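Comments concern the structure below.
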Amino acid sequence: MIDPFRQRVYAIVAKIPSGKVMTYKQVATSAGKPHASRAVGNIMHTNKDFVRMPCHRVVRTDGTVGGYVFGTKKKIVKLKKEGVVIKGGKMIF
DNA sequence: ATTATGACCGAAG
DNA sequence: GCTTCGGCCATAA
């Protein structure tokens, strides 16, 4: 399956260092489609390689973590553990 | 091909 | 602060 966008998203997310996060919009833009923020989230949800894909480092533009297969709460805890500062359920860039 | 849905975004009420 | 609407893109049926 050759889907440049999908592959690109995968590579970008996998490159996010620990303690840092990227917004869906940022990932989509870096992937080449600035308006595909929705598709990015959809890819994470439908993708089967989510084991290697640290999707918990991808958050929403508002600062909310967004969704997560293991649960949004878990995602927040994980991020905090990584060193990300989260305040009132939202994160600070 | 068409319709519906979603881990989104931004504006409006 | 929250909900609703329209817009964007990929996936599933």
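Not measured: the values here are computed from a predicted model. So you know, we letter chains A, B, ... as the sequences are listed, proteins then strands, and number each from 1.
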If a pair satisfies salt bridge (Lys or Arg N to Asp or Glu O under 4.0 Å) and one of its residues is in residues 59-78 of chain A, list it, with sequence neighbours excluded.
none

Taking transitive links into account, so neighbours of neighbours count too, which hydrophobic residues share a cluster with A/Val85 at under 4.5 Å side-chain distance?
A/Ile92

Interface residues of residues 73-93 of chain A with DNA chain B (non-hydrogen, below 4.0 angstrom)
none

Contact boundaries on DNA chain B for chain A, cut-off under 4.0 Å to non-hydrogen atoms
B/dG6 to B/dG10

Minimum heavy-atom separation for A/Gly32 and A/Pro34, please, with both atom names.
O-CD, 3.5 Å

Kindly state each residue pair satisfying side chain to side chain donor-acceptor pair (under 3.5 Å) with at least one member in residues 30-47 of chain A, sequence neighbours excluded.
none

Sub-4.0 Å heavy-atom contacts from residues 20-28 of chain A onto DNA chain B, ordered by number:
A/Tyr24, A/Lys25

All heavy atoms of A/Val40 vs all of A/Ala28, minimum pair found to be CG2-CB, 3.7 Å

Does anything in residues 57-93 of chain A form a ring pair (Phe, Tyr, Trp, His ring centres under 6.0 Å)? List the pairs, not counting sequence neighbours.
A/Tyr68-A/Phe70

Give the table of side-chain donor-acceptor pairs shorter than 3.5 Å for residues 18-27 of chain A, with sequence neighbours excluded, one pair per line with atom names and distance.
| residue | atom | partner | partner atom | Å |
| --- | --- | --- | --- | --- |
| A/Ser18 | OG | A/Glu82 | OE1 | 2.4 |
| A/Thr23 | OG1 | A/Gln26 | N | 3.0 |

With sequence neighbours left out, the residues meeting side-chain hydrogen bond (donor to acceptor under 3.5 Å, both in side chains) with A/Thr61 are none

With sequence neighbours left out, the residues meeting side chain to side chain contact (heavy atoms under 4.5 Å, CB included) with A/Lys15 are none

Kindly compute the distance separating CD1 (A/Ile12) from CD (A/Gln7), expressed to the nearest 0.5 Å.
11.5 Å

Testing the basics here: between A/Ala36 and A/Phe5, what is the closest heavy-atom pair and its distance to 0.1 Å?
CB-CZ, 3.4 Å

Let me have a per-nucleotide readout for nucleotides 8-13 of chain C, 5' to 3', with B, S or -, counting only protein heavy atoms under 4.0 Å.
BBBSS-

At what distance, to the nearest 0.5 angstrom, does NZ of A/Lys90 lie from CD1 of A/Ile86?
12.0 Å

